[in-house]
Amino acid sequence: MNKEINPRFEDFLFDWNQKFQFLMGGYGSSKSYHVALKIILKLLSEKRKALVIREVYDTHKDSTFSLFTEIIEDLGLLDESSRKKVAKGKVRPKESPYELRFSNGSKIIFKGMDKPAKLKSINNVSLIWLEECSEVKYEGFKELIGRLRHPTLKLHMILSTNPIGEDNWTYLHFFKDEENERFVLDDNDLYQKGTIVVGDTYYHHSTADDNLFLPESYIEQLDELKDYDPDLHRVARLGRYGVNGTRVLPQFEVQPHEVVMNSIDEISKPLFKNGLDFGFVESYNALVRMAIDHENKYLYIFGQYYKRGLTDVELADDLEPYKKLMIKADSAEPKTIAYFRQRRFRVLGAKKGPGSRLQNTKKVKRFKKIICSDACPDVIRELKNLTFAKDKKGKIIEDEFNIDPHTFSAIWYGLDDYEVASIKGHNAGRKTG
């Protein structure tokens, strides 16, 4: 049995050392093809039950099921007989439901996460392929790990995807989750090396350049994306994670805390501002400390407080060290502000009205540079890759974002009485904070 393959996937085909195998890359890299071939070869050599998952069951017909059938036919293994028993050394595809049966008793079944009830009856699955895994919810991925069990065989899960945004669970789980201070692998290392093993996970990266069977015209089409859709070019051509959409603050940058503080010390008349956004169960209490270089239109962020699940009393106790600061807070919480003032905090409600979200966003965008200290991890996490939300037609919604950025709200409030574009700088008198 001979089959021509891409050299980039030669080692991958027969490497079963790790439990998890994570394949990511650009369009046309042939990763799905080689995953399907790998599974076929494994099930020919061992009696196993494999489960192939996509988010929507009906998409199997023209993707994974079609791919498996094509490879089996190319290998000369397709059993087209009408006999009840599968012919020796052959594989028989079956529809309704989709299934592939091997003569040695191996079986491949196809399921969708849109019909979770049908997963409950599955047992003795020793191999799972999660195709387009970024489309599946994280809860679904964790549930599938629980479905992966067999009394004797070694267990394996293969995940394949085109990378999308860094906010997707695949990036947070397999690479970096800054919010939960979890680091597994720098994705840039994978782009450079191509294959990396970390613990019980095998990582594999590929692009269209690794597929020797692609027509040159297809690669040229991918290259052209760079001119009119850079986000899609990053995903489709380069096969890399990044920011999906239009960044709200492209001038945002991170510098070491000492460098930021030294820069603030060099400002002739720095304006110090402090903003506070209130939260409780789901949302966060966020205090952001800022310094403004009005002459150069630079905003420095040098301090933060970020915590949720606190009563007013607990929050005030936590913020006691900031008691002497002038703080502008969310005016939608007048009772909380009143309590803080009873505790002798210098807290005032920021002005809010119709259109204030949009106007505040535009105000912050007017700064030429926004320089954040690396001592403010939650500010960095929320603002570094903050993008505008889009409507159903794909148009930007200028006052909605891909996440609920509590630190951005705190910045709005802190800048309540400041106008970046003011030529005279009506609030340019030095204020301490």
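Each residue takes its place number in the sequence, starting with 1. Here the structure is a predicted model, which is why all the values come from computation and not from measurement.
Ring orientation note: the planes of Tyr171 and Phe175 are close to parallel, at an angle under 30° on the 30°/60° scale. Under the 30°/60° scheme for interplanar angles, the aromatic rings of Phe408 and Phe401 are found to stand perpendicular. Using the six-membered ring where Trp is involved, Phe110 and His60 have ring planes that are perpendicular, over 60° apart on the 30 and 60° scheme. Ring pair His173/Phe141 is perpendicular by interplanar angle, where above 60° counts as perpendicular and below 30° as parallel.
Within the 3.5 Å criterion, the main-chain N or O of Glu282 finds a donor-acceptor partner in the side chain of Arg308. At least one donor-acceptor pair under 3.5 Å links the side chain of Ser331 to the backbone N or O of Ala350. Distance alone, capped at 3.5 Å, places no donor-acceptor pair between the Glu55 side chain and the Asp114 backbone. Formation of a donor-acceptor pair under 3.5 Å by the Asn211 side chain with backbone atoms of Gly28 is found in this model. Under a 3.5 Å cut-off, the side chain of Asp210 and the backbone N or O of Ser206 do not form any donor-acceptor pair. A donor-acceptor pair under 3.5 Å links the side-chain atoms of Asn104 to the main chain of Ser106, judged by distance alone. Looking at His204, its side chain never comes within 3.5 Å of a backbone N or O of Phe9 through a donor-acceptor pair. Under the 3.5 Å distance criterion, the side-chain polar atoms of Asn402 are matched with a main-chain donor or acceptor of Thr387. Here the side chain of Asn180 pairs no donor or acceptor atom with the backbone of Arg182 at under 3.5 angstrom. Panel note: side chain Gln304, backbone Ala375; no donor-acceptor pair is recorded below 3.5 Å.
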- Mind running salt bridge (Lys or Arg N to Asp or Glu O under 4.0 Å) on Arg357 and Glu400 for me, showing each step along the way? CA-CA 8 Å; Arg357 285 174 59 90; Glu400 293 185 18; over 6 Å; no
- After noting the C-alpha distance and the side-chain angles of Lys61 and Glu95, does the key distance pass the salt bridge (Lys or Arg N to Asp or Glu O under 4.0 Å) rule? CA-CA 9 Å; Lys61 180 179 180 180; Glu95 297 189 26; 5.5 Å; no
- Item | Verdict with supporting geometry, Lys363 and Glu419, side-chain contact (heavy atoms from CB on, under 4.5 Å) | CA-CA 7 Å; Lys363 177 192 288 188; Glu419 180 51 58; 4.1 Å; yes
- Let me see the working for Asn274 and Tyr322 under side-chain contact (heavy atoms from CB on, under 4.5 Å), right down to the final yes or no. CA-CA 10 Å; Asn274 308 283; Tyr322 307 105; over 6 Å; no
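Interatomic distance, Asn385 CG to Phe252 CZ, rounded to the nearest 0.5 Å: 9.5 Å. With rounding to the nearest 0.5 Å, the separation of OG1 in Thr361 from CZ in Phe388 is 6.5 Å. Between His205 atom NE2 and Thr195 atom OG1 the span is 10.5 Å, to the nearest 0.5 Å. Distance check: Asp167 CG to Tyr241 OH gives 10.5 Å after rounding to the nearest 0.5 Å. Taking CG of Asn296 as the start and CD1 of Ile267 as the end, the distance is 8.0 Å to the nearest 0.5 Å. In this structure, Leu43 CG and Lys107 NZ are separated by 11.5 Å, a value rounded to the nearest 0.5 Å.
Between the side chains of Arg54 and Thr64, no donor N or O sits under 3.5 Å from an acceptor N or O. Between the side chains of Glu382 and Tyr284, no donor-acceptor pair is found at a separation under 3.5 Å. Between the side chains of Asp187 and Tyr191, a donor-acceptor pair is found at a separation under 3.5 Å.
Among residues two or more places apart in sequence or in another chain, the side-chain contact (heavy atoms from CB on, under 4.5 Å) test is passed with Leu238 by His233, Arg240. Taking Asp318 as the reference, Lys307 meet the salt bridge (charged side-chain N to carboxylate O under 4.0 Å, His left out) condition, with sequence neighbours excluded.
Figure legend: cation-pi geometry between Lys38 and Trp16, with NZ or CZ positioned under 6.0 Å from the six-membered ring centre and within 45° of its axis. A cation-pi arrangement is absent between Lys31 and Tyr33, since the terminal nitrogen or guanidinium carbon is not both under 6.0 Å from the aromatic centre and inside a 45° cone about the axis. Relative to the six-membered ring of Phe102, Lys47 misses at least one condition, a distance below 6.0 Å or an angle of at most 45° to the axis.
One finds no salt bridge joining Asp200 and Lys19 here, because no Lys/Arg side-chain nitrogen approaches an Asp/Glu carboxylate oxygen to under 4.0 Å. Classification of Lys90 and Glu80 as a salt-bridged pair fails, no side-chain N sitting under 4.0 Å from a carboxylate O. One finds no salt bridge joining Glu139 and Lys137 here, because no Lys/Arg side-chain nitrogen approaches an Asp/Glu carboxylate oxygen to under 4.0 Å. Between Lys368 and Asp293, none of the side-chain N atoms (NZ, or NE/NH1/NH2) sits under 4.0 Å from a carboxylate O, so this pair counts as no salt bridge.
For Phe302 and His257, the distance between ring centers is not under 6.0 angstrom. Taking the six-membered ring for Trp and the full ring otherwise, Tyr57 and Tyr98 have centroids separated by under 6.0 Å.
Here the side chains of Val91 and Ile40 are not in contact, with every heavy-atom distance at 4.5 Å or above. Taking the side chain as every heavy atom from C-beta outward, Val364 and Ile411 approach each other to under 4.5 Å. Residues Ser29 and Leu23 fail the side-chain proximity criterion, which asks for heavy atoms closer than 4.5 Å. At a threshold of 4.5 Å between non-hydrogen side-chain atoms, the residues Ile39 and Leu127 count as touching. Side-chain contact check for Thr407 versus Arg381: every heavy-atom pair is 4.5 Å or farther apart. At a threshold of 4.5 Å between non-hydrogen side-chain atoms, the residues Leu358 and Asn360 do not count as touching. Residues Asp223 and Arg237 form a side-chain contact, since some pair of their non-hydrogen atoms from C-beta on lies under 4.5 Å apart. Looking at heavy atoms from C-beta onward, Ile371 lies out of side-chain contact with Leu299 at the 4.5 angstrom threshold.
Applying the side-chain hydrogen bond (donor to acceptor under 3.5 Å, both in side chains) definition to pairs two or more places apart or across chains, those involving residues 144-161 are Trp129-Ser160, Glu131-Ser160, Ser134-Thr161, His150-Thr152.
Counting non-hydrogen atoms of neighbouring residues, nucleotides and ligands closer than 6.0 angstrom, the CG atom of Asp11 reaches no more than 12 such neighbours. Within 6.0 Å of the CD atom in Glu99, the count of heavy atoms belonging to other residues, nucleotides or ligands exceeds 12. By the neighbour-count criterion of 12 heavy atoms within 6.0 Å, atom CD of Glu253 is densely surrounded, having more than that number from other residues, nucleotides or ligands. When the shell of 6.0 Å around NZ of Lys365 is examined, it contains more than 12 heavy atoms from other residues, nucleotides or ligands. Around atom CD of Glu314, more than 12 heavy atoms belonging to other residues, nucleotides or ligands sit under 6.0 Å away.
Ser373 approaches Ile380 most closely through the heavy-atom pair O-CD1, 3.7 Å.
Just one of Phe174, Phe12, Tyr202 meets the ring pair (Phe, Tyr, Trp, His ring centres under 6.0 Å) condition when paired with Phe22; it is Phe174. Screening Lys94, Arg101, Arg92 for a salt bridge (Lys or Arg N to Asp or Glu O under 4.0 Å) involving Asp79 leaves a single residue, Arg92.
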